[in-house]
Amino acid sequence: MNEYLKRIITEALRRLYPELEIPEIHLEKPRIAEHGDLATNVAMTLAKPLRMPPRGIAEALVNELKYDESQLESVDLAGPGFINFKFSPNWLYGALGEVFEKGDSYGKGTLLEGKRYQVEFVSANPTGPLTVGHGRNAVLGDTVARLFEWAGASVAREYYFNNAGRQMRVLGNSVSARYQQILGKDVEFPDGGYEGEYIRDIAAKMVEEYGDTYLSDPENVIFKETAEKVIFEDISVTLKRMNIKMDTYFNENDLYENGSIDDVLKRLEEKDLVYKEDGAVWFRTTKFGKEKDTVLVKSTGEPTYRLPDIAYHANKLDRGYDVCVDVFGADHIATYPDVISALSVLGYDKNRVDVLIYQFVTIVQDGKPFKMSTRKANFVTLDELMDEVGSDVTRFFFLMRSPGTHLEFDIAQAKESGEKNPVFYLQYAFARIQSIMRKVQETTEFKGEVDLKLLSHESEIKVIKSLLDFPDWIISAAMSKEPHRLINYLNELATDFHKFYHDCRIMGEDEKLAQARVQLLQAVSLVMKNGLTILGIEAPERM
RNA sequence: GCGCCCGUAGCUCAAUUGGAUAGAGCAACUGCCUUCUAAGCAGUAGGUUACAGGUUCGAGCCCUGUCGGGCGUACCA
């Protein structure tokens, strides 16, 4: 339909103003239903180049426009110069038919067909269980990946981690200290160590397994290695519970072993973008508009995290992905411009790296905000949260707001199983349809072809139109990396359905009409299911 | 100090990326089930989109400044 409208508008313009360079025709869905199904503002944008009033242009255009009346019901001039198009019911019924043809794959687009995407997310180092803070990252990353898939791309999900470095040493020392304490040795807990209960659990397990074997060897790497193994196991179980499956895990350490770190450094040196000072190696980030240069290698010889970050991104791009998406919390916002600068210097197209930055999550418990810190063991883990509210609610809460705004996670509201909880509105709509279907199937058997033309009630038409919007919203949510748009859409669809069902009954109606309505419900059910699938949320048969 | 993000109904948030009359949910009030899920529907009330300018046919959205909040601004990740 979009293409059709663009074509006839362009043709009309060409006839009216042969001299004019015809701009890209912009079509949008008016906010208000009375303004039609699609509208264009070409007349307004042409006002300046043509030096004519927008309404005058619009009027001429409307008069000149030739269209097929079986497709378009009306074309109107409105407001300051909008041209509003209203689809004919005939076109709507035809389009609705296509929904059934596509079925489970209705909504799948071709925009990103043939593209290879990679989404890197979670990427928490194995120092402790995933917390609610990681939750937003995990769920956003996974859902954005699903959206890319529905937009036609092939997508790889990657988890990047570092099991070397200072953090992990502290982790090992923390376990070692607890291990010794359990065995009765009076050792002091390391300053800044991980205080969480899970450290004790790991130590206890080691006592069980090895007895006091390592009591005389508190520096043994086995403490760190065991902790890493146990914690990773724990993390992957948590992810699985949340419906998240990683394709690859990438260890930062590989970048050292395969020489990419040195290689990147050498290539930056060749471009004269690094220099030595005070025993450290610096990256001339001032050349890219930064206030200060950035240290890449400390005077101890150890790289800062920025260098492996650059090498890692180069590595990802070398693996042939068309686009690599990073999912970052707001605290990482400062680091990625350096990575981008370095990559373009190294000859990569910086548009191949895309970053989704989300604002922090505030947990609200008993009406009060709750500050978290992994090291201080002052946190709510994702597992605890899911024990309380389940994974559907957890995913939904992380997705329902724009990534760009701070998210307030109200545990009380999430626990609420009734109308206060917004997930249920969607799931209920689906379950309600299933129930109606079951009932109808018990009592009636429809014969003959479905006649969609019988769906002429205002709220039926509204439902049909909403159903047809689904693919557009997937693209919109995918390209903006904002899954909440899909949720907003599904909410509207659910509202349209409930309204329809309030206005229109099925049983007791004329059989052909009932049949058409059942068909319509099937379409709603299908879209609802596909939508919830993208969100990674279950569509329950009954509630 | 400087940089990035945010500021919309009492509360939590939308607003299809510059479009027409700024919308939902919760909280408050009023109606609607003897029959297919009322976890629903319909309605009332609630706004100078933090503030002041600017850009243009048109601004919650873009630009400048001010105020308020978050995050950065490490030879931490």
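Chain naming here is simple, since letters A, B, ... match the order of the sequence lines and numbering starts at 1 in each. Worth saying up front: this structure is predicted, and the values here are computed from it rather than measured.
For C75(B), the base has a donor-acceptor partner in the side chain of S299(A) [N/O atoms by modelled type, under 3.5 angstrom]. Remark: the Y305(A) side chain and the A77(B) base include a donor-acceptor N/O pair separated by less than 3.5 Å. Side-chain atoms of N41(A) and base atoms of G19(B) include a donor and an acceptor less than 3.5 Å apart. Taking 3.5 Å as the limit, the base of A42(B) and the side chain of D503(A) contain no donor-acceptor pair of atoms between them.
By the 5.5 angstrom centroid cut-off and the 30-degree plane limit, H484(A) is classified as not stacked against the base of A14(B). By the 5.5 angstrom centroid cut-off and the 30-degree plane limit, Y428(A) is classified as not stacked against the base of G40(B).
In this model, the phosphate group of U73(B) is not approached by any side-chain N or O of K290(A) to a distance below 4.0 Å at OP1 or OP2. Within the 4.0 Å cut-off from OP1 or OP2 of G19(B), not a single side-chain nitrogen or oxygen of K29(A) is found. Taking only side-chain nitrogens and oxygens, T405(A) comes nearer than 4.0 Å to OP1 or OP2 of A14(B). Contact annotation: R485(A) side-chain N/O to U16(B) OP1/OP2 distance is not under 4.0 Å. An OP1 or OP2 oxygen of U37(B) is reached within less than 4.0 angstrom by no side-chain nitrogen or oxygen of Y425(A).
Nucleic acid contact for A280(A): base, since at least one base atom lies under 4.0 Å from a heavy atom of the residue. Residue-level contact check: R55(A) touches neither bases nor backbone, having no heavy atom under 4.0 Å from any strand. Within 4.0 Å (heavy atoms only), K298(A) reaches at least one base atom of the nucleic acid. Looking at heavy-atom distances under 4.0 Å, A39(A) makes contact with a base. Within 4.0 Å (heavy atoms only), E34(A) reaches no atom of the nucleic acid at all. Nucleic acid contact for S402(A): sugar-phosphate only, since backbone atoms but no base atoms lie under 4.0 Å from a heavy atom of the residue. Among the protein residues, H498(A) comes within range of the sugar-phosphate backbone only, with heavy atoms under 4.0 Å from sugar or phosphate atoms but none that close to a base.
Distance noted for atom P between U48(B) and G60(B): 14 Å (whole Å). Spacing of C1' atoms, A45(B) relative to U37(B), comes out at 30 Å, to the nearest Å. Nucleotides G1(B) and U66(B) have their P atoms positioned 10 Å apart, rounded to a whole Å. Rounded to whole Å, the separation between the C1' atoms of G10(B) and G19(B) comes to 30 Å. Spacing between U49(B) and C32(B) at atom C1', rounded to whole Å, works out to 35 Å. Using atom P as the reference point in both U16(B) and C62(B), the two lie 12 Å apart (nearest Å).
With a cut-off of 3.5 Å on both pairing distances, the Watson-Crick or G-U wobble partner of G43(B) is C29(B). With a cut-off of 3.5 Å on both pairing distances, A9(B) has no Watson-Crick or G-U wobble partner at all. In this structure U34(B) sits in no base pair that meets the Watson-Crick or G-U test at under 3.5 Å. The partner of G53(B), taking Watson-Crick or G-U wobble pairs whose two distances both stay under 3.5 Å, is C63(B). Base pairing annotation: C2(B) forms a Watson-Crick or G-U wobble pair with G72(B), both donor-acceptor distances under 3.5 Å. Nucleotide A20(B) forms a pair with no other nucleotide shown, judged by Watson-Crick or G-U wobble geometry with both contacts under 3.5 Å.
U17(B) takes the syn form, because its glycosidic angle lies no more than 90° either side of 0. In textbook terms, a nucleotide whose glycosidic angle is within 90° of 0 is syn, and C33(B) is one such case.
Proximity of a side-chain donor or acceptor of S480(A) to a complementary backbone N or O of S476(A) within less than 3.5 Å is detected. Looking only at distances, a side-chain donor or acceptor of N530(A) sits under 3.5 Å from a matching main-chain atom of Y106(A). Side-chain N or O atoms of S174(A) include none that pairs as donor or acceptor with a backbone N or O of G193(A) at under 3.5 Å.
In this structure, the CD atom of Q359(A) is 12 Å from the P atom of G70(B), given to the nearest Å.
By the side chain to side chain contact (heavy atoms under 4.5 Å, CB included) test, K316(A) is found to be paired with Q118(A), E120(A), E158(A), Y312(A), H313(A), R319(A), C324(A), D326(A), residues two or more places apart in sequence or in another chain being considered.
No salt bridge links D472(A) with K29(A); every basic N to acidic carboxylate O contact stays at or beyond 4.0 Å.
Looking at Y305(A) and N162(A), their side chains never come closer than 4.5 Å, going by heavy atoms from C-beta outward.
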Review point. Run the side-chain contact (heavy atoms from CB on, under 4.5 Å) check on I199(A) and L171(A) step by step: do they pass?
Key: CA-CA 8 Å; I199(A) 299 291; L171(A) 177 74; 3.6 Å; yes

